[in-house]
Amino acid sequence: MQNNFNATPEFAKQLDALDQIRPFRNEFYIPKNEKGEESLYLCGNSLGLQPKRAKKYIEEELEDWAKYGVDGHTKGKNPWLNYHELLTQPMANIVGAKPIEVVVMNTLTTNLHLLMASFYSPTPRRYKILIEADAFPSDKYAVESQIKFHGYNPEESLIIWKSTDDKPLLKIEDLEQILETQGEEISLLLIGSVNYYTGQYFDLKQITKLAHSKGCMVGFDCAHGAGNVDLRLHDSGADFAAWCSYKYLNSGPGSLAGIFVHERHAYNKNLNRFAGWWSHNKETRFKMRDEFDVLPGAEGWQLSNPPILSMAAIKASLSVFEEARFPRLLEKSKKLSAYFEYLINNLKSENISIITPKNTEDRGCQLSIRVRNANKSLHRKLEEANVICDWREPDVIRCAPVPLYNSYFDVFLTVERLEKILAEI
Ligand SMILES: *Cc1c(COP(=O)(O)O)cnc(C)c1O
């Protein structure tokens with residue numbers, strides 16, 4: 001693919017002209033700088049842009065609330081009682097799961113705790129948790145606190161999968177080695193499907209197979225995977241997964257999160273769990289007097305009746321995904337990130353290296369670019385040049401060209417501006 005690329009604005013525009021996804025850019029508000037110029041927004045891995053239709057979807061629910069009050073639960077256009085069910089199938093399509101395996105609820109870190117209540121049951125012989133190097137801090141804190149909650153010591157019980165050669169990318173052989181020596185002591189593996197820092201997309205199926213062969217439970221944090229890569233969660237065989245909806249899923253700041261619980265656990269009523277009335281049988285929920293009767297599948301992990309206004313934004317965003325069709329997005333994503341990679345490599349700068357895997361199967365759209373001797377002023381200069389990306393200490397900029405709204409010309413201009421800034425510093 002790469003060999004046919006060309007580092008000219010005409011070529012980038014030509015790729016845009018051939019891009020079937022291109023019209024979807026108009027479905028989003030693109031932020032602008034003070035001069036009113038559209039930003040080069042490569043930060044969809046932190047906060048996805050607002051779909052223009054989100055407002056309409058939210059307003060519909062505000063109107064039903066005004067019109068019906070409490071009766072909106074049953075009489076609204078989209079009755080709130082079952083509103084979350086409208087999100088299940090489209091969300092399941094994106095993460096490659098069966099509807100019974102998925103529900104939208106709470107926020108990501110909350111869900112990780114709720115899922116660990118079920119899938120981290122340490123015993124004196126098997127009590128450790130394994131996470132990947134450079135795991136997202138919230139996940140590390142969550143896992144450490146779970147370990148402590150059960151009376152174990154994180155210093156001894158938290159195992160980090162890091163690479164033995166000190167390179168940023170992780171290798172499956174190193175994980176294999178850890179499992180070989182400590183597998184029987186590890187209760188749970190909790191791994192980012194796509195690492196937030198390096199952009200490395202792990203082989204979920206292989207990790208799960210390895211871990212299961214040692215009797216460990218497996219969960220994936222798909223915050224950087226959902227809406228970005230082809231997760232195929234059901235086929236991976238993982239026990240559970242969780243993800244937020246405000247990054248690649250464009251559902252608004254702090255919006256609700258998704259969970260996946262593999263079908264094999266769907267009818268297991270003996271799993272430990274924290275319950276609430278929303279995990280109780282829908283038929284008898286409002287009798288209010290019955291013994292707790294857990295719902296099958298992922299719905300059985302819900303606690304509360306959910307915030308409908310936030311769900312309306314998710315519904316709006318998922319409808320854009322349905323129209324754009326996820327497989328087409330994945331295809332564009334690979335080509336767009338490959339073009340971005342080509343342009344960066346074409347700078348032939350000794351100070352720049354891409355730490356994200358080269359193989360498009362091993363990454364999503366994000367490229368993490370290491371700039372030798374750089375500091376945060378590089379990020380400030382990019383911002384002044386109207387490039388919105390993300391800076392990670394000590395020397396990495398993370399850029400995510402998102403297929404739904406970024407263009408080939410966006411990445412062309414980004415690299416052109418980066419080159420100019422690098423020449424100045
Ligand atoms: C973004 C992100 C989070 C954020 O957690 P919230 O509970 O939504 O604030 C957690 N973990 C990972 C891996 C993330 O990428």
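Remember, predicted model here, so these are calculated numbers, not experimental data. When a ligand or atom number is given, it counts from 1 through the structure's own listing order.
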S.K.: So, taking the atom named OH in Tyr201 and the one named CD in Glu361, what distance separates them when rounded to the nearest 0.5 Å?
M.R.: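 Tyr201 atom OH to Glu361 atom CD measures 9.0 Å (nearest 0.5 Å).
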
S.K.: With sequence neighbours excluded, what pairs up with Ser368 under the side-chain hydrogen bond (donor to acceptor under 3.5 Å, both in side chains) test?
M.R.: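 Gln366.
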
S.K.: Fit a plane to each ring of Phe119 and Trp301, take the angle between them on a 0 to 90° scale, and name the class: parallel (under 30°), tilted (30 to 60°) or perpendicular (over 60°).
M.R.: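 Ring orientation of Phe119 relative to Trp301: parallel.
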
S.K.: List in chain and number order the residues that pass ring pair (Phe, Tyr, Trp, His ring centres under 6.0 Å) with Tyr408, two or more places apart in sequence or in another chain; answer none if no residue qualifies.
M.R.: none

S.K.: Considering only heavy atoms, which protein residues lie less than 4.0 Å from any atom of ligand 1?
M.R.: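 Within 4.0 Å of ligand 1, protein side: Leu108, Thr109, Phe136, Asp139, Asp221, Ala223, His224, Tyr246, Lys247.
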
S.K.: Checking Phe202 now: which residues fulfil ring pair (Phe, Tyr, Trp, His ring centres under 6.0 Å) with it, not counting sequence neighbours?
M.R.: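 If we apply the ring pair (Phe, Tyr, Trp, His ring centres under 6.0 Å) test to Phe202, skipping adjacent residues, the hits are Trp161.
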
S.K.: Give the ring-plane orientation class for Trp80 versus His73, where under 30° counts as parallel, over 60° as perpendicular and anything between as tilted.
M.R.: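 Perpendicular: the ring planes of Trp80 and His73 meet at over 60°.
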
